[in-house]
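Only one structure is covered here, and it is reproduced in the block below.
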Amino acid sequence: MNLTRFAEIQKKLSRRIRLEDVLEKVERVAGVDAAYSEDACFAAAVVVELATLRTVEEKTAMQTVHVPYIPGFFAFREMGAVIKALRRLRSSYDLLIVEGHGIAHPSGCGFASHLGVLLRKPSIGVAKRLLCGSVRGIPSPEKPAEIVLNNSVVGYAVESNRKVIYVSPGNMVSLATALEVVKKATHRHALPEPLHRAHLLAARSKRGY
DNA sequence: GCGACAG
DNA sequence: ATCTTGTCGC
């Protein structure tokens with residue numbers, strides 16, 4: 001692993017990011033997350049029907065990882081196991097929701113964007129903390145606050161069930177759609193259901209190993 | 001040089 | 001992310 005090389009890859013992938021909506025409808029959303037035990041990464045992918053928030057299918061995958069967690073290069077650590085879990089799904093999904101940032105990233109290519117471009121899928125990043133940029137104002141239950149980076153809006157800080165989460169487009173979705181899908185996918189937790197369920201499943205997967 | 005720093 | 005008991009609150 002070479003950070004300079006990683007940054008080059010991110011820059012190259014960032015050129016392929018599309019920030020326009022390419023879907024007429026978003027019916028199924030896949031949430032992905034992972035849990036760790038030393039170098040073992042346990043990833044989970046959960047497909048949820050947006051209209052009912054019912055789980056359609058869930059799969060897990062384990063993979064040994066050698067890349068440590070480095071802020072800004074999260075994708076290089078978690079990507080392998082997550083893609084493995086996604087490939088095990090038999091169900092189709094329209095869009096990916098990823099734990100981490102989309103374009104709200106130093107190179108404009110966070111984990112959500114990275115996955116979206118590699119898999120050629122619409123994707124959205126949802127994070128519990130900001131990595132870079134700044135929030136303009138304070139989010140209220142009814143009004144999200146803009147995340148500004150290099151003088152442009154790259155996402156929103158959203159108040160979700162009394163907690164603040166950070167939403168940014170990953171690939172093939174607009175800022176407005178990213179916000180809309182996350183809102184529709186959120187029920188009784190701060191994180192949208194697909195992510196919350198993937199988080200629980202990844203933890204369960206690690207335990208039962 | 002110092003501080004910040006997704007999971 | 002993970003290490004971890006009790007504890008405050010609905």
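Basis for what follows: all heavy atoms, side chains included, without hydrogens, waters or symmetry-related copies. Every chain is numbered from 1, with letters handed out A, B, ... down the list of sequences.
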Outermost contacting nts on DNA chain B, any atom under 4.0 Å from chain A heavy atoms, listed 5' then 3', are B:dC5 to B:dG7
Checking all strands, does [X] fall into the base, sugar-phosphate, or nothing category for heavy-atom contacts under 4.0 angstrom?
{"X": "A:Y36", "value": "sugar-phosphate"}
{"X": "A:G125", "value": "nothing"}
{"X": "A:F42", "value": "nothing"}
{"X": "A:A35", "value": "sugar-phosphate"}
{"X": "A:H114", "value": "nothing"}

Passing candidate, side chain to side chain contact (heavy atoms under 4.5 Å, CB included) with A:S160, options A:V126, A:I165, A:L191:
A:I165
If I take atom [atom1] in residue [X] and atom [atom2] in nucleotide [N], what distance separates them, rounded to the nearest angstrom?
{"X": "A:E38", "N": "C:dT2", "atom1": "CD", "atom2": "P", "result": "12 Å"}
{"X": "A:D39", "N": "C:dA1", "atom1": "CG", "atom2": "P", "result": "17 Å"}
{"X": "A:K206", "N": "C:dA1", "atom1": "NZ", "atom2": "C1'", "result": "8 Å"}
{"X": "A:Y209", "N": "C:dT2", "atom1": "OH", "atom2": "P", "result": "16 Å"}

Establish, with yes or no, whether the OP1 or OP2 oxygen of C:dA1 is under 4.0 angstrom from a side-chain nitrogen or oxygen of A:K128.
yes
Kindly say whether A:S123 contributes a backbone atom to a donor-acceptor pair with the side chain of A:N171 at under 3.5 angstrom?
no
Is a side-chain donor or acceptor of A:R77 paired with a backbone partner of A:I70 at a separation under 3.5 angstrom?
no
Quick one, A:K12 with A:E8, criterion salt bridge (Lys or Arg N to Asp or Glu O under 4.0 Å). Give me CA distance, side-chain angles, the key distance, then yes/no.
CA-CA 6 Å; A:K12 186 172 181 179; A:E8 286 171 2; over 6 Å; no
CZ of A:F76 to CE of A:M1: how many Å apart, nearest 0.5 Å?
9.5 Å
Distance (rounded to the nearest 0.5 Å) between A:E49 CD and A:E57 CD
13.5 Å
